[in-house]
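Take a look at the structure below.
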Amino acid sequence: MILERINDPKDVKDLNKQEIALLCNELRTFLVENVSKTGGHLASNLGVVELTVAIHRVFDTAKDRLVFDVGHQCYVHKALTGRQSQFDRLRQYGGLSGFPKPRESAHDAFIAGHASNSVSVALGMARSRTLLHEDYHVLALIGDGAMGGGLSFEGLNDAGASGEPMIVILNDNGMSINSNVGGMSRHLSKLRNKPSYYKFKKSYRHVLASSQAGQKVYELSHDVKTALKKSMYPGSTMFEDMGFKYMGPIDGHDVEAITQALMLAKEQPCPVLLHVNTVKGKGYRFAEDNPGCFHGVSPFDPKTGLLLNPPVPTFSHVFGETICEIAKKEKRICAITAAMEEGTGLTAFANSYPERFFDVGIAEGHATAMAAGMAKQGLIPVFAVYSSFLQRGFDMLLHDVSLSRIHAIFAIDRAGLVGADGETHHGCFDPMYLSMIPGMTVLCPASFAELKMMLHMAIEELDGPIAVRYPRGAEGDYRDCCGKELFTQLRDGNDLTIVSYGIMINEALAAAEILAQKGVSVRVMKLNRIAPLTNEEVCEMLRNEKHLLVLEDCLGTGCVGQRIAAILAQEGNAPQHLILKNLGSSLPSEGTTVQLYHERGLDGISVARTVEEILS
């Protein structure tokens, strides 16, 4: 086994051509075997096996900086940098992260989890290297999907103009910016990537530059060459116009070709864009046939490709079903996604109402502003987006949505802790940043029934911008559907009051039941919305509380508990004891939500223990 001999990227450099081919095959088997047990991002990693191997043949990532965009395609990189033995704990509590994490290894240059930032980060590193007179190479690995984000073009525009030596690797796995045109284009791109081409080009320019007549010949031939290249492969000139030396497209599954191209790019004293064509899911039939399903996959049978555990109803599915039902009657309903059609439950809507479905790519800011324009002109847009990704549209929420009191609905999926994807994906900021938006109503369903009711309410009854936030996965033991008021009392008690909202209400009720068995009487109050919070409503329900605990799965600064505490203090109704149970000042890493709740003291058992300590 070649892979067993790879303990450091230096070991990859010592392999011959035949051993490299065996290594790539073994890496694919390794990925399928491990991800089938733990779950994770499979198709994207299968697609970059040869590319990642080639990078480690040419560069030293302990010193050279390899910046991943999104980062879910880093498994091969981790396997080649001394972390093979940790893959049985991939995305598990206390185990190996599914994304680049500098805390894990010196080979992980920068944290990653969201899209389109790699070129900007890499340019920052290149400029730091130059100003500090240091010597290392900087690479940004970005996929064609992430190129749809505006930040990527901001980075490319500045990087190309900067003149800084750096390499941007465009991993093009099907959603190309421009398609290849004919055999001549492929022939020219192959010719351009040979060392002899660069040697000839350098000598040709040197000879002709020695005389005025020669210089004119060179300028004429250069103009002819540029015109021909634009007509046969227009995509290359877009990057060259930005200031990059363009190389490619190259077969992303030919290690020798990529290695040669990287060595040439490494020698260039300017920014280089290396265009590589890959196949998502390469080498595993089920992933190649259905890369969407194997993008982020749960544990599965590697022989059949079938999931080991049948899928269960989730908040995302219920959202998708409900929006389809409403859209049958309300023709103005439109659905928007930012490259997350399946993940947000909108596949059925896209199939049923294709003319009212808009996938804008990885461009959450654009989606938010577009929703504002649609609503201003009479449509009812519903933007389904993960909580952590909507952060990218914060300015548009303020400027384009709030100021005009636009009636747009934001379906905030993955609110709260999301589990195995870790801190880059936890939706633990939206209670704070959504509540800051003037005029924003934030509804917090805790069950499927409440999600359906609140979506109808958001579309049919309320005005202005409305966010409906709900967690990843299935509902808990709480299955009721509360009214439309700010507070609903779920359980009576006189020793202490617990206030919570959303999926966390299950932990509040569990704590109350544990305490009841010990003779402690706890009142449980459910918040149906977290914005707006009026002084009158809060004081009416929480007047003269002796002991009050607010339970939520977001960070402490700016949390709902702090706002409730401020209102009670302002109105002279501050409780004797106020306990804010939240995530504190930092986000947890990977693990199941059960494990992470327990780690941060937010599960029912831990909350009950906290209450006992207070009352004692």
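These numbers were taken from a predicted model, which means no experiment stands behind them.
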*Does Glu507 come within less than 4.0 Å of Lys581, counting only side-chain N to carboxylate O?*
no
*Below 4.5 Å, heavy atoms only, C-beta onward: do Leu273 and Met247 meet side chain to side chain?*
no
*asked:* Can you confirm whether or not the ring centre of Tyr386 sits under 6.0 Å from the ring centre of His425?
replied: no
_Taking the side chain as everything from C-beta on, heavy atoms only, tell me whether Arg469 gets closer than 4.5 Å to Phe410._
no
_Determine whether Glu33 and Arg28 satisfy the following criterion, salt bridge (Lys or Arg N to Asp or Glu O under 4.0 Å), listing intermediate values before the conclusion._
CA-CA 9 Å; Glu33 288 180 351; Arg28 286 197 166 86; over 6 Å; no
*Hey, is Asp430 close enough to Arg414 for a salt bridge, meaning N to O under 4.0 Å?*
no
*asked:* Which label fits Tyr284 and Phe300: parallel for a plane angle under 30°, tilted from 30 to 60°, or perpendicular past 60°?
replied: tilted
_Heavy-atom side-chain contact between His275 and Asn277 under 4.5 Å_ = yes
_By the definition side chain to side chain donor-acceptor pair (under 3.5 Å), identify the one residue from Glu599, Gln595, His598 that meets it with Tyr93._
Glu599
*asked:* So that I can tick it off, tell me whether Arg89 and Glu104 are bridged by a salt bridge, with the cut-off set at under 4.0 angstrom between side-chain N and carboxylate O.
replied: no
*Audit row: Arg65, Asp108, salt bridge (Lys or Arg N to Asp or Glu O under 4.0 Å) steps and yes/no*: CA-CA 8 Å; Arg65 302 287 77 189; Asp108 290 1; over 6 Å; no
*Any Lys/Arg nitrogen of Lys518 or Glu612 sitting under 4.0 Å from an Asp/Glu carboxylate oxygen of the other?*
yes
*Salt bridge or not for Glu256 and Arg57, using N-O below 4.0 Å?*
yes
*Hey, does Glu50 have a side-chain heavy atom less than 4.5 Å from the side chain of Asp254?*
no
*Which pairs count as ring pair (Phe, Tyr, Trp, His ring centres under 6.0 Å) when at least one residue sits in residues 7-42, sequence neighbours excluded?*
Phe30-Phe87, His41-His72, His41-Phe99, His41-His295
_Test: Arg479 and Glu450 ion pair at under 4.0 Å_ = no
*Return the set of residues passing side-chain contact (heavy atoms from CB on, under 4.5 Å) with Ala348 (not counting sequence neighbours), or none when no residue passes.*
Cys324
*asked:* Please determine whether side-chain contact (heavy atoms from CB on, under 4.5 Å) holds for the pair Ser388 and His114, giving the CA-CA distance in whole Å, both sets of side-chain angles, and the decisive distance to 0.1 Å.
replied: CA-CA 9 Å; Ser388 59; His114 292 187; 3.7 Å; yes
